[in-house]
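This structure is a prediction, so every number in the text was calculated from the model and none was measured. Just so it is clear: chains get the letters A, B, ... in the order the sequence lines come, proteins before strands, and each one is counted from 1.
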Amino acid sequence: MSNRLFQGIIHQMRDTIDRTIGVIDESSVIIACSDLGKIGEVNEEVTAEALASSDVFQTGDFTFKSFGSRPHPEYAVFVGGADPEARKYVKLLAVSLNSIKQYYDEKYDRGNFIKNVILDNILPGDIYLKSHELHFDSDVSRVCMLIKITDKNDISAYEVLQNLFPDKNKDFIININESDIALVKEIKPNIDMKDIDKLANSIVDTLSGEFYTHCMVGIGTVVASIKDLARSFKEAQVALEVGKVFDTETTIVSYNNLGIARLIYQLPTTLCDMFLKEVFKRGSIDSLDHETLFTIQRFFENNLNVSETSRKLFVHRNTLVYRLEKIKKITGLDLREFEDAIVFKVALMVKKYLSNNPVKF
Amino acid sequence: MASVTLKNVYKIYSGGVTAVTDFNLEIADKEFIILVGPSGCGKSTTLRMIAGLEEISKGELHIGDTLANDVAPKDRDIAMVFQSYALYPHMSVFDNMAFGLKLRKTPKDEIKRRVEAAAKSLDIAHLLDRKPKALSGGQRQRVALGRAIVRNPKVFLLDEPLSNLDAKLRAQMRTEIAKLHKKLGTTFIYVTHDQTEAMTMGDRIVVMKDGFIQQVDTPQNLYDKPVNEFVAGFMGSPQMNFIDAKLGKAGEGYTLTFGKCTIPVPAGKAAGADLAPYVGKDVVFGIRPEDVHDEADFIEKAGGAHVTCAVEVTELMGAETYLYLKCEGSDVTARVEPTSTAKSGDKCQIAFDLEKIHIFDKETEVTILN
């Protein structure tokens, strides 16, 4: 990757410096040069000792200067000629190439580092060491979002997101797999969750509005330390999973707002089975047809208000009362009673959870 | 350019929630139609179904002459502008508008031509080199519109695009969008929950509630002849006054009684409605705030149709004054002349413009008399 980076710079400088210029690596191979024919050639006159020196040195018709970030410089830049002007050019080039390389390494490594942190691929003890090494501010507020692309098209969502969050020092876009992209975003401390939701909304709206790409966004909690990023990422994953089961029509699910769904999601399936058997001991929930379930849903949405529900369903009040009586006969639960209604509501959610084939435990 | 037709369209989510029920609408080519209604009424879902971002559970969607149910969103020849638009912060206005086309591998000279044309129609040609940071809210909104325009779509879908703007800017952008529609001559489908936006921008308005279309009509007709209590209350600000009343008969004519007050229903108005089945029954009497008067000469002309009310609050708006009144146990809002002398705590006389009254069925909320 460095080779391309160096060649790009050399190519840009070629016209300004009217001499042959290039970069040689620690195995004496020319990896970038203004004279393209020389790329790949080995210059045996440049020895490892010469490369290790921090001073300008001369070999043949060229002036060299080493650069690189490791304890021993990994590269040397060369300029044709042995005159004072060549020395000047070589020093200038070494400074700029070194800075570019440092910037590149830092950027590249930071992304990888964050990926390792959120995927738990790094030992907790190493997190602080590595973040210090990368000049990474480890104690700022960040939030993890997981963007799941639910329908593919020929536009790269990754590229779009990178352009939406271009600050490579604060925001990290990480490809998790074919359909999932993680966003680790630095945020102001004490940020309102509404602002984070807005951010998620702008991602969904941009992807769907501009590129017709449908996606779901799971939002983890805000964390103040880099070591907690993995937790925020897992929360974003859980939010998406729970949202898929209980909140099928929403595109943005925040871990903070999962409510009772989170409780149910964490219950052992055996316990859920027991609960359903207990609630519906007089008759199975499966014996309720689609229309009855729809009636129940509307009844809950209208706060157990018979008149309001019947109006919304365009049925006579007595029809609704008859349906509710029928439900009572089948299940033993009178949905007009708050206690029974809440048991039924939870049972419906548990049923939904079980019908999504969760891992049995 | 294209017409859009929705026939018996339903959206039913996997959990059984029905977001849109039996939606039927024909949108003419180049029409500016507004979908309006409270949150959760299914207007955005309908728009997303037209866009192809939501699957249609039942029914047919035609764009032009094509059945579009199974056409991929990118092939529907539509462009969308959403509420939470985001501009690419490090790109210039030109690049922001060109980005989508670049990703679609559109030739460079074509991109340049389209971006420049769109910028010209939006009056942002002089801003093409600027970064989003250096733009005002309204200019950013125009760039977001520009990103949609460069695609030269047959249909524009706009989902509450002005919600994030402040009131002043929103009013300004309303006019800009209406002008843009005229300039582009394309079909616009616009979703909003703001009845003022709906009234001022569209050729026709679709009022929705709980996933059902309540009424489709021109802004003026919706305002003057609402089909039910919901539409009557939703359109207009301050909203229509609703007073529980009883319909009675006096000789050949009809009367409305609320509290100790009885007002006649004008014979000419009653002639156009079938009021007989409602005699003796509870109904809802509706009157718009601007049809409630406190001017002495109007009260004098009104004869028996005046009521004594207690003034609870007055709000001077500059060009008009709102009086919040307690009238025979009901709350009534009146929009009167700024010269009105009514003060909080006063008793005052008001009269209703009887030619403008509405009567609704108390049970079904359907309009009996407009």
All heavy atoms of L53(B) vs all of S208(A), minimum pair found to be CD1-CB, 3.6 Å

Output for pair (N302(A) CG, D210(B) CG), nearest 0.5 Å, gives 7.5 Å

One option among E54(B), R76(B), E365(B) has the most heavy-atom pairs under 4.5 Å with chain A, and it is E365(B)

Notebook entry, point to check: side chain to side chain contact (heavy atoms under 4.5 Å, CB included) between E363(B) and R317(A): does it pass, once the steps are laid out?
Noted result: CA-CA 11 Å; E363(B) 217 169 281; R317(A) 196 178 185 281; over 6 Å; no

Chain A shares the most heavy-atom pairs under 4.5 Å, among G100(B), G52(B), P89(B), with P89(B)

Among residues 138-152 of chain B, those lying within the under-4.5 Å heavy-atom range of chain A are R147(B), R151(B)

Expected contact set for residues 78-88 of chain B against chain A at heavy-atom separation under 4.5 Å reads I78(B), A79(B), M80(B), F82(B), Q83(B), S84(B), A86(B), L87(B), Y88(B)

dist E210(A):CD -> R104(B):CZ (nearest 0.5 Å) comes out at 7.0 Å

d(R48(B) CZ, H214(A) NE2) to nearest 0.5 Å is 5.0 Å

Whatever's closer than 4.5 Å to a heavy atom in chain B on L293(A) counts as neither

Assert top hit (heavy-atom pairs under 4.5 Å, partner chain B, pool N201(A), L164(A), T213(A)) equals L164(A)

Check the pair V160(A) / L103(B) against side chain to side chain contact (heavy atoms under 4.5 Å, CB included), numbers first and verdict last.
CA-CA 9 Å; V160(A) 176; L103(B) 287 188; 3.8 Å; yes

Bottom line for F211(A): the part with an atom under 4.5 Å from chain B's heavy atoms is both

